[in-house]
Engineer: 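Okay, here's the structure, questions in a sec.
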Amino acid sequence: MITAPRGTHDILPGAQFGWRDSARWQHLEAELRRISHQYGYVELRPPVFEATELFARGVGESTDIVQKEMFTIQPRGRAGGDGAGEPTLTLRPEFTAGLVRAYIENGLHNLPQPTKIFTYGPAFRAERPQKGRFRQFHQWDVEVFGAADAAVDAEVIEIGIALAKRMGLGDLEVDLNSIGCPVCRPAYREKLREHLRPHAHELCEDCQARLERNPLRVLDCKVDADHPAIRSAPVSVEHLCHDCRTHFDQLQRHLRALGIPHRVNPRIVRGLDYYTRTVFEVLHPRLGAQSALWGGGRYDGLIELLGGRPTPGVGFALGMERLLMVLDESAAPGPGAPRPDVFLAPLGAAARERALPILYALRRAGLAADIDYLDRSLKAQMKYAGKAGARYVAILGDAELARGVCTLRDMATGDQREVALESLVEAVRT
Ligand code: HAM
């Protein structure tokens with residue numbers, strides 16, 4: 001049997017599928033659209049793949065994502081040609097770089113600023129699959145282009161919490177850090193390097209490489225987390241320039257005003273290269289400290305780096321699987337599948353022929369209606385309608401049809417009454 005590729009999941013109809021229940025996904029999608037609009041964000045849907053170069057430059061050559069996690073494809077070109085000369089393409093490992101490209105390419109800076117964008121959909125990383133870490137996963141991504149104020153960082157942190165609350169999830173932990181800007185970070189980076197260098201040989205292989213390329217990443221290494229040199233390492237928040245310090249203080253003031261408890265965690269450095277100043281992750285005890293429900297931060301140099309005008313940016317992406325998994329483990333009830341208003345139960349093939357126009361009329365009237373197509377016994381049809389959650393069953397025997405009536409059963413109360421076919425729509429609607 002051919003099975004789904006490792007690290008991917010089918011989203012299926014039925015509460016028994018837990019976090020993979022498509023009704024839960026639809027509910028989450030409806031809520032995230034609603035809250036995005038409420039906060040003034042508009043939707044932009046970028047393509048699922050982009051030029052590899054975009055992620056190499058945007059996310060950063062030295063990141064794990066670009067080094068080892070990209071699904072890259074060589075287009076074959078027209079008529080099965082070899083695609084020589086065409087740039088390689090990569091399935092998006094995240095949304096930010098693609099959204100920035102779309103912002104620049106479509107001249108969105110000409111619209112009233114700031115541009116507040118949301119999107120959601122699948123992203124792809126060739127990681128080793130494990131709990132909460134997949135090869136195809138889904139993100140709700142929120143970005144603000146063109147606003148440097150710390151109040152926007154706070155808004156972006158708050159909107160995620162508001163969505164989680166709406167979905168019924170509390171107990172969130174907000175971890176916050178500032179990793180400075182091109183003015184103050186180089187000096188801090190050097191200080192960190194100097195501190196770690198004498199211990200380089202005691203660190204894991206990855207960290208030895210990171211030490212020279214990107215020493216901040218050593219701070220969030222899972223392998224070396226308890227190494228004394230890392231625990232005693234200088235922290236970025238103590239080496240911020242005046243402007244970064246002020247921005248970070250203001251952000252915390254806004255978070256306090258919003259009533260969002262948070263913790264300054266100098267180990268949060270994030271795995272993507274574009275960040276400046278604010279970085280944050282939101283955790284839930286049920287997922288553990290290793291994996292965040294969502295994360296993001298500010299990236300004031302990215303738009304310029306990708307060819308746009310100097311424009312500040314800030315945003316985050318939330319892992320939709322992770323949110324639904326935590327909700328499922330919290331035994332939060334799912335929204336349930338959509339229920340038919342009425343199920344038509346014709347008794348016999350002749351009755352069904354005469355019942356079909358009634359089905360069409362019910363649907364044209366906007367009702368969710370369905371019918372038995374399998375010539376089942378009344379008992380079997382009632383059982384099926386009960387499982388589907390139908391509010392009413394209309395029983396249509398030959399004798400009833402001849403008299404222009406049906407028996408309408410209210411499935412919640414068990415009450416039955418005779419209803420004229422011409423008033424069936426009205427009877428089901430009330
Ligand atoms: P990220 O931290 O790489 O950031 O991913 C954001 C979230 O996506 C994670 O916290 C997690 O919930 C989910 N996620 C990431 N990788 C996987 C995976 N393999 N399996 C399941 N879930 C996963 C970004 O992607 C940035 N673009 C966020 C951002 C937007 N920063 C500024 N704007």
Engineer: Between Arg189 and Leu216, is there a donor-acceptor pair closer than 3.5 Å when you use the side chain of the first and the backbone of the second?
Structural biologist: no

Engineer: Specify the closest pair of heavy atoms between Cys406 and Leu396, including all atoms of both residues, with the distance to one decimal.
Structural biologist: CB-CD2, 3.6 Å

Engineer: Under a 3.5 Å threshold, yes or no: a donor from one side chain and an acceptor from the other, between Tyr274 and Thr96?
Structural biologist: yes

Engineer: Can you confirm whether Leu32 sits close enough to Leu318 that some side-chain heavy atom of one is under 4.5 Å from a side-chain heavy atom of the other?
Structural biologist: no

Engineer: Decide side-chain contact (heavy atoms from CB on, under 4.5 Å) for Arg277 and Asp243; before the verdict, give the C-alpha distance in whole Å, the side-chain angles of both, and the deciding distance to 0.1 Å.
Structural biologist: CA-CA 10 Å; Arg277 294 190 171 164; Asp243 289 354; 3.4 Å; yes

Engineer: Which atoms form the tightest heavy-atom contact between Ala148 and His247, and what is the distance?
Structural biologist: O-NE2, 2.8 Å

Engineer: Just how far is it from atom CD of Glu29 to atom OH of Tyr120, taken to the nearest 0.5 Å?
Structural biologist: 5.0 Å

Engineer: Please confirm whether the backbone N or O of Ala365 pairs with a side-chain atom of Arg429, one donor and one acceptor, at under 3.5 Å?
Structural biologist: yes

Engineer: Side chains of Tyr39 and Glu158 only: does a donor on one sit below 3.5 Å from an acceptor on the other?
Structural biologist: yes

Engineer: Check step by step if side-chain contact (heavy atoms from CB on, under 4.5 Å) holds for Asp149 and His254.
Structural biologist: CA-CA 11 Å; Asp149 199 288; His254 289 303; 4.2 Å; yes

Engineer: Under 3.5 Å, is there a donor-acceptor pair between the Thr115 and Gln113 side chains?
Structural biologist: yes

Engineer: When you compare the side chain of Leu324 with that of Glu321, does any pair of heavy atoms fall below 4.5 Å?
Structural biologist: no

Engineer: Asp141 and Ala317: which non-hydrogen atoms are nearest, and at how many Å?
Structural biologist: OD2-CB, 3.6 Å

Engineer: Please report the closest heavy-atom contact between Leu172 and Ala164, naming both atoms and the distance.
Structural biologist: CD1-CB, 3.7 Å

Engineer: I'd like to know if the side chain of Arg352 reaches the main chain of Tyr373, judged simply by a donor and an acceptor atom lying under 3.5 Å from each other, with no hydrogens or angles considered.
Structural biologist: yes

Engineer: Going by heavy atoms in the side chains, are Arg298 and Pro312 under 4.5 Å from each other?
Structural biologist: yes

Engineer: Does the side-chain contact (heavy atoms from CB on, under 4.5 Å) test come out yes or no for His109 and Phe145, once each step is laid out?
Structural biologist: CA-CA 8 Å; His109 55 270; Phe145 302 143; over 6 Å; no

Engineer: Take atom CD of Glu426 as the centre, draw a 6.0 Å sphere, and report whether it contains more than 12 heavy atoms from other residues, nucleotides or ligands.
Structural biologist: no

Engineer: Once you round to the nearest 0.5 Å, how far does CZ of Arg210 lie from CG of Asp220?
Structural biologist: 7.0 Å

Engineer: Measure from the side-chain N and O atoms of Arg57 to the backbone N and O of Leu305, and report whether any donor-acceptor pair falls under 3.5 Å.
Structural biologist: yes

Engineer: Could you tell me whether the side chain of Asp21 and the main chain of Ala23 form a donor-acceptor pair under 3.5 Å?
Structural biologist: yes

Engineer: Between Ile371 and Gln381, is any pair of side-chain heavy atoms under 4.5 Å apart?
Structural biologist: no

Engineer: Roughly how far, to the nearest 0.5 Å, is the CE atom of Met70 from the OG1 atom of Thr88?
Structural biologist: 7.5 Å

Engineer: To the closest 0.5 Å, what do you measure between CG (Leu359) and CZ (Arg364)?
Structural biologist: 9.5 Å

Engineer: Is the number of heavy atoms from other residues, nucleotides or ligands within 6.0 Å of CZ (Arg231) greater than 12?
Structural biologist: no

Engineer: Keeping Gln139 on the side-chain end and Met320 on the backbone end, is there a donor-acceptor pair under 3.5 Å?
Structural biologist: no

Engineer: What pair of heavy atoms forms the shortest contact from Ile11 to Ser22, and how long is it?
Structural biologist: CG2-CA, 3.6 Å

Engineer: Any chance you could measure His262, atom NE2, to Leu251, atom CG, to the nearest 0.5 Å?
Structural biologist: 7.0 Å

Engineer: How far apart are the C-alpha atoms of Trp25 and His138, what are their side-chain angles, what is the distance that settles it, and do they pass the side-chain contact (heavy atoms from CB on, under 4.5 Å) test?
Structural biologist: CA-CA 10 Å; Trp25 281 81; His138 295 73; 3.7 Å; yes

Engineer: With heavy-atom distances below 4.5 Å as the criterion, would you say the side chains of Leu44 and Leu108 are in contact?
Structural biologist: yes

Engineer: Are Tyr384 and Phe343 close enough that their ring centres sit under 6.0 Å apart?
Structural biologist: yes

Engineer: Can you list every pair that meets side-chain hydrogen bond (donor to acceptor under 3.5 Å, both in side chains) and has a residue in residues 391-402, with sequence neighbours left out?
Structural biologist: Glu400-Thr407

Engineer: How long is the straight-line distance from CG of Asn265 back to CD of Glu173, given to the nearest 0.5 Å?
Structural biologist: 10.5 Å

Engineer: If only atom types and distance count, is the side chain of Thr72 paired as donor or acceptor with the main-chain N or O of Thr90 below 3.5 Å?
Structural biologist: no

Engineer: For Asp341 and Arg363, run salt bridge (charged side-chain N to carboxylate O under 4.0 Å, His left out): C-alpha distance rounded to whole Å, both residues' side-chain angles, the deciding distance at 0.1 Å, then the answer.
Structural biologist: CA-CA 10 Å; Asp341 297 309; Arg363 286 180 176 162; over 6 Å; no

Engineer: Under the salt bridge (charged side-chain N to carboxylate O under 4.0 Å, His left out) rule, what pairs show up with a residue in residues 248-273, not counting sequence neighbours?
Structural biologist: Asp175-Arg263, Arg245-Asp249, Arg270-Glu281

Engineer: More than 12 heavy atoms of other residues, nucleotides or ligands under 6.0 Å from CD of Glu205: yes or no?
Structural biologist: no

Engineer: Out of the candidates Phe95, Tyr41, Trp140, only one should pair with Phe316 under the ring pair (Phe, Tyr, Trp, His ring centres under 6.0 Å) rule; please name it.
Structural biologist: Trp140

Engineer: Taking NZ, NE, NH1 and NH2 as the nitrogens, is one of them in Glu69 or Arg133 under 4.0 Å from a carboxylate oxygen of the other?
Structural biologist: no

Engineer: Just so I know, are the side chains of Val235 and Val264 near enough to count as touching, which here means a heavy-atom distance under 4.5 Å?
Structural biologist: no

Engineer: Kindly check if the number of other-residue, nucleotide or ligand heavy atoms within 6.0 Å of CZ (Phe49) is above 12?
Structural biologist: no

Engineer: Does any N or O in the side chain of Asn177 come within less than 3.5 Å of the main-chain N or O of Ile268, such that one atom is a donor and the other an acceptor?
Structural biologist: yes

Engineer: If we ignore hydrogens and angles and just use 3.5 Å, is the side chain of Thr276 paired with the main-chain N or O of Asp300 as donor and acceptor?
Structural biologist: yes

Engineer: Test Leu344 against every option in Asp372, Leu362, Leu356 by the side chain to side chain contact (heavy atoms under 4.5 Å, CB included) rule and name the one that passes.
Structural biologist: Leu362

Engineer: Decide yes or no on salt bridge (charged side-chain N to carboxylate O under 4.0 Å, His left out) for Asp328 and Arg24, but give the supporting numbers first.
Structural biologist: CA-CA 10 Å; Asp328 189 37; Arg24 287 184 185 240; 3.7 Å; yes

Engineer: For Arg45, does the CZ atom sit with more than 12 other heavy atoms under 6.0 Å from it, leaving out its own atoms?
Structural biologist: no

Engineer: For the residue pair Val48 and Phe124, establish whether any side-chain heavy-atom pair is separated by less than 4.5 Å.
Structural biologist: yes

Engineer: Work out which heavy atom in Ala292 is nearest to a heavy atom in Arg322; give both atom names and the distance.
Structural biologist: O-NH1, 2.7 Å

Engineer: Could you check whether any side-chain N or O of Arg92 sits under 3.5 Å from a backbone N or O of Pro46, counting only pairs where one atom can act as donor and the other as acceptor?
Structural biologist: yes

Engineer: Please examine the side chains of Arg286 and Met325, heavy atoms only from C-beta on, and report whether any two atoms are closer than 4.5 Å.
Structural biologist: no

